[in-house]
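Working notes, structure below.
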Amino acid sequence: MKKIIYVPLDERPCNYEFPALLAEGTDYAVVRPDLSRMGLKKRPGDIEKLWAWLFEQARDADGAIIALDTLLYGGIIPSRLHRLTAKQCEERLEQVRRLKQINPSLQLFAFQLIMRCPRYSSSDEEPDYYEDWGEEIFRRGYIRHRLALGVATEDEQSELRRIEAVLPEEVWREYTERRAVNLAANKRAIELVKDRAIDFMVIPQDDSAPYGLTAIDQQEVRERVKACHQQLSVYMYPGADEAGCTLLARMINRFEGRKPRVHVHFSSVQGPFVTPLYEDRVLYESVKYQIMAAGGLMTSSLAEADMALCLNTPGESMMEAGNQSQPHPGYQVYRNIVELVEMADDIVRRLGKPCVIADIAYANGADLELLQLLRDKKLLFGLAGYAGWNTSSNTLGTCIAQGMIYAVYGDTPQHRDFLSLRYVEDGGYCAFVRRDVTDRVLPEMGLDYFAVDGQRGRVAERVRAELNRFIETRLHDDEDEYEIVIDDCYMPWSRMFEVGLKTQVRNKKKGKG
């Protein structure tokens, strides 16, 4: 049993639990800091204790996957709120070098985000002033970037003048000064890769866009990567919360001496060229990076592939999952999900190859029609991986990692449990129950989307009841061999965006597994 240290990006299940769940049933033990050392949303983790824990665990570890934002700022949200100086961040980063001194044979993978810049006004995950000025901050950076590139329209230039007349300069200064500190830390981390203190690194971009402050920072980081000749060791692409899963798959592939070949199949001709919501490039480019980051390569030949990745994509442009009941030709005419399911069935049952489905037709939730087709085809538990949550890249990294681990260890009870979690969370919660409870239940309780009654209050109880109903009506079939059971349900950040779940699959005749 090999030991892999894992320092998560934050305490939410997608970051704290998913990689550990994927490792269950394998020859790799993922060890994590106790939740007491992690933060809680805007409250940073205990950075000193996290470093101390990391150094102690490194002594006998085979590998380590570390979120630098946690070790620098205390987590993903604190990375947007801190008041550290560039020098303080550099001093903390330099501690990474101790890991190889403690254990020279340690395989060390790291990830670090480029600070996002949301296009909407909300302080839920941002500084307090973002509630009043978030949209203006984004648009000022967006138009300034386009102006510098010589592509800003006259209307945009007029809008910029209006924004600069009302946006308080102290707000802009406070926000951009923090960005500058984070950017300096991004660049400094690349030096650690150059010096081989870090073996491999990804720099995912959370909620990215083609123009704006994040895009400007991204270009500066890319230039530093090129100047350090580290393009083969530092990858940059859209994503964030899936990075722990991606790097776990890469580490297992490295220890196993594998570089899986992945054949990609789309549900629509235009799918590869759609730019997903919250991302800055066409889908096909992100797919290539997600496969490479997990330790694989794409292949055009299904016969030569170690696994297949079937992508349920929009046929034209991407919508939110909560709006999928609305008729739209981009989903009804310009794609063919029946063919996608038939292809997946053929790959699994005739060719006997691992097949993963990335359900990225919609943002922030699964395609409920696809889940129905998979159920009707008896494929729900025949897949090597499935995901359909949050952004396109969040989904891609999660299901690709599951598929690559499946390719080594096969159909284990732990694999089926993770599949069940994805169907219940991505389909049940993200695509259906979240909006239903928000619209019907919260107003009756006097609560709202961003503030429910704690992690395990009445809202969590209602969510669990609705998810059980979803399982019975949308996932279970009288002829099915397996049934899905929810063991736990809570609201990690006391809001509606994410849910914490523990599910398992039971064989109806044999019980668990």
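In this text the structure is predicted, and so the values were computed from the model without any measurement.
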Under 4.5 Å between any side-chain heavy atoms of Ile360 and Asn312, yes or no?
no

Under 3.5 Å, which donor-acceptor pairs do the side chains of residues 43-50 form with other protein atoms, sequence neighbours left out?
| unit_1 | atom_1 | unit_2 | atom_2 | d |
| --- | --- | --- | --- | --- |
| Asp46 | OD1 | Lys49 | N | 3.2 |

Residue set satisfying ring-ring contact (aromatic ring centres under 6.0 Å, His included) with Phe432, at least two apart, ordered chain then number -> none

Between Glu170 and Tyr129, do the side chains contain an N or O donor and an N or O acceptor separated by less than 3.5 Å?
no

Interatomic distance, Leu113 atom CG to Asp69 atom CG [nearest 0.5 angstrom]:
4.5 Å

4.5 Å side-chain heavy-atom contact, Cys117 and Tyr130
yes

Nearest 0.5 angstrom please: Asp359 CG to Ser392 OG, how far?
10.5 Å

Taking only Lys NZ, Arg NE, NH1 and NH2, and the carboxylate oxygens of Asp or Glu, determine whether Glu220 and Arg224 approach each other closer than 4.0 Å.
no

Check this for me, if you would: do Arg83 and Glu174 make a salt bridge, where the nitrogen-to-carboxylate-oxygen distance has to be below 4.0 angstrom?
yes

Could you tell me which non-hydrogen atom of Asp217 sits nearest to which non-hydrogen atom of Ile114, and how far apart they are?
CB-CG2, 3.9 Å

Run the side chain to side chain donor-acceptor pair (under 3.5 Å) test against Arg464 and tell me which residues pass, sequence neighbours left out.
none

Which heavy-atom pair separates Ala401 from Leu22 by the least distance, and what is that distance?
CB-CD1, 4.1 Å

Test salt bridge (charged side-chain N to carboxylate O under 4.0 Å, His left out) on Glu94 and Arg188; report intermediate values, then the result.
CA-CA 9 Å; Glu94 282 299 303; Arg188 185 59 186 162; 2.8 Å; yes

Does Arg80 pair with Asp206 as a salt bridge, N-O distance under 4.0 Å?
yes

Can you tell me if Thr391 and Asn394 form a side-chain donor-acceptor pair at under 3.5 Å?
yes

Atom CG of Asp488 and atom CG of Leu501: how far apart are they, to the nearest 0.5 Å?
8.0 Å

State, yes or no, whether a side-chain contact exists between Tyr386 and Leu371 at a heavy-atom distance under 4.5 Å.
yes

Determine whether a donor-acceptor pair (N or O, by modelled atom type, separation under 3.5 Å) exists between the side chain of Lys3 and the backbone of Tyr28.
no

Using side-chain heavy atoms (C-beta onward) and a distance below 4.5 Å, is Pro19 in contact with Ile65?
no

Donor-acceptor side-chain pairing of Gln107 and Asp62 below 3.5 angstrom:
no

Residues which pass ring-ring contact (aromatic ring centres under 6.0 Å, His included) with Phe18, listed by chain and number, not counting sequence neighbours
Trp389, Phe418

Under the salt bridge (charged side-chain N to carboxylate O under 4.0 Å, His left out) criterion, do Lys288 and Glu285 qualify, and how do the steps go?
CA-CA 5 Å; Lys288 287 189 284 187; Glu285 299 306 323; 3.1 Å; yes

Residues passing the side-chain contact (heavy atoms from CB on, under 4.5 Å) test with Pro260, sequence neighbours excluded, are Asn253, Arg258, Asp306, Met404

Do Val282 and Val274 have side-chain heavy atoms sitting under 4.5 Å apart?
no

Determine, for Glu125 against Lys41, whether the closest basic-nitrogen to carboxylate-oxygen distance falls under 4.0 angstrom.
no

Less than 4.5 Å apart, any side-chain heavy atom of Glu11 and any of Leu40?
yes

Closest heavy-atom pair, Gln290 versus Gly397, reported as atoms and distance to 0.1 Å, is OE1-CA, 3.3 Å

How about Ser122 and Asp124: does a side-chain donor come under 3.5 Å of a side-chain acceptor?
no

Qualifying residues under side-chain contact (heavy atoms from CB on, under 4.5 Å), relative to Ala460, sequence neighbours excluded
Met491

For Tyr142, check ring-ring contact (aromatic ring centres under 6.0 Å, His included) against everything at least two apart and list the hits.
Phe138, Tyr211

Arg434 to Phe497 six-membered ring, cation-pi geometry met (6.0 Å, 45°)
yes

Does anything in residues 384-412 pair up under salt bridge (charged side-chain N to carboxylate O under 4.0 Å, His left out), and if so which pairs, sequence neighbours excluded?
Asp411-Arg416

To the nearest 0.5 Å, atom CD1 of Ile66 lies from atom CZ of Phe111 at 9.0 Å

Output for pair (His263 NE2, Ile291 CD1), nearest 0.5 Å, gives 10.5 Å

Would Trp51 and Phe55 count as a ring pair (Phe, Tyr, Trp, His ring centres under 6.0 Å) here? Give the steps.
CA-CA 6 Å; Trp51 278 107; Phe55 293 143; 5.6 Å; yes

Within a 6.0 Å radius of atom CZ on Arg119, are there more than 12 heavy atoms belonging to other residues, nucleotides or ligands?
no

The reported gap from CG in Leu99 to CD1 in Ile5 (rounded to nearest 0.5 angstrom) is 7.0 Å

Taking the six-membered ring of Tyr482, is NZ or CZ of Arg506 closer than 6.0 Å to its centre and within 45° of its axis?
no

Validation row: Val202, Leu247 side chains within 4.5 angstrom (heavy atoms)
yes

Looking at Cys228 and Glu191, what are the two nearest heavy atoms and their distance?
SG-OE2, 3.8 Å

Between Gln101 and Arg98, a side-chain donor and acceptor under 3.5 Å:
no

Sequence neighbours excluded, the answer for ring-ring contact (aromatic ring centres under 6.0 Å, His included) partners of Tyr409 is none

State which residues pass side-chain contact (heavy atoms from CB on, under 4.5 Å) with Asp280; sequence neighbours excluded, sorted by chain then number.
Gln205, Ser208, Pro210, Gln218, Pro238

Under the side-chain contact (heavy atoms from CB on, under 4.5 Å) test, which residues partner Ala185, sequence neighbours left out?
Leu72, Tyr73, Cys89, Leu93, Gln112

Under a 4.0 Å N-O cut-off, is there an ion pair linking Glu17 with Lys502?
no

Asp195 and Arg97: salt bridge (charged side-chain N to carboxylate O under 4.0 Å, His left out), yes or no, with the steps?
CA-CA 9 Å; Asp195 296 342; Arg97 298 184 189 275; 3.0 Å; yes

Does the Lys NZ or Arg CZ of Lys2 fall within the cation-pi geometry relative to Phe255 - under 6.0 Å from the ring centre and within 45° of the axis?
yes

Taking the side chain as every heavy atom from C-beta outward, state whether Asn186 and Ile190 have any atom pair closer than 4.5 Å.
no

Would Glu126 and Tyr175 count as having a side-chain donor-acceptor pair, cut-off 3.5 Å?
no

Run the side chain to side chain contact (heavy atoms under 4.5 Å, CB included) test on His415 and Leu383 for me, step by step, so that the C-alpha distance in whole Å, both residues' side-chain angles and the decisive distance to 0.1 Å come before the verdict.
CA-CA 10 Å; His415 164 75; Leu383 296 175; 5.9 Å; no

Taking atom types as modelled, is there a side-chain donor on Asn103 or Ser105 under 3.5 Å from an acceptor on the other?
yes

May I have all residue pairs that pass side chain to side chain donor-acceptor pair (under 3.5 Å) and include part of residues 227-236, sequence neighbours excluded?
Arg196-Gln230

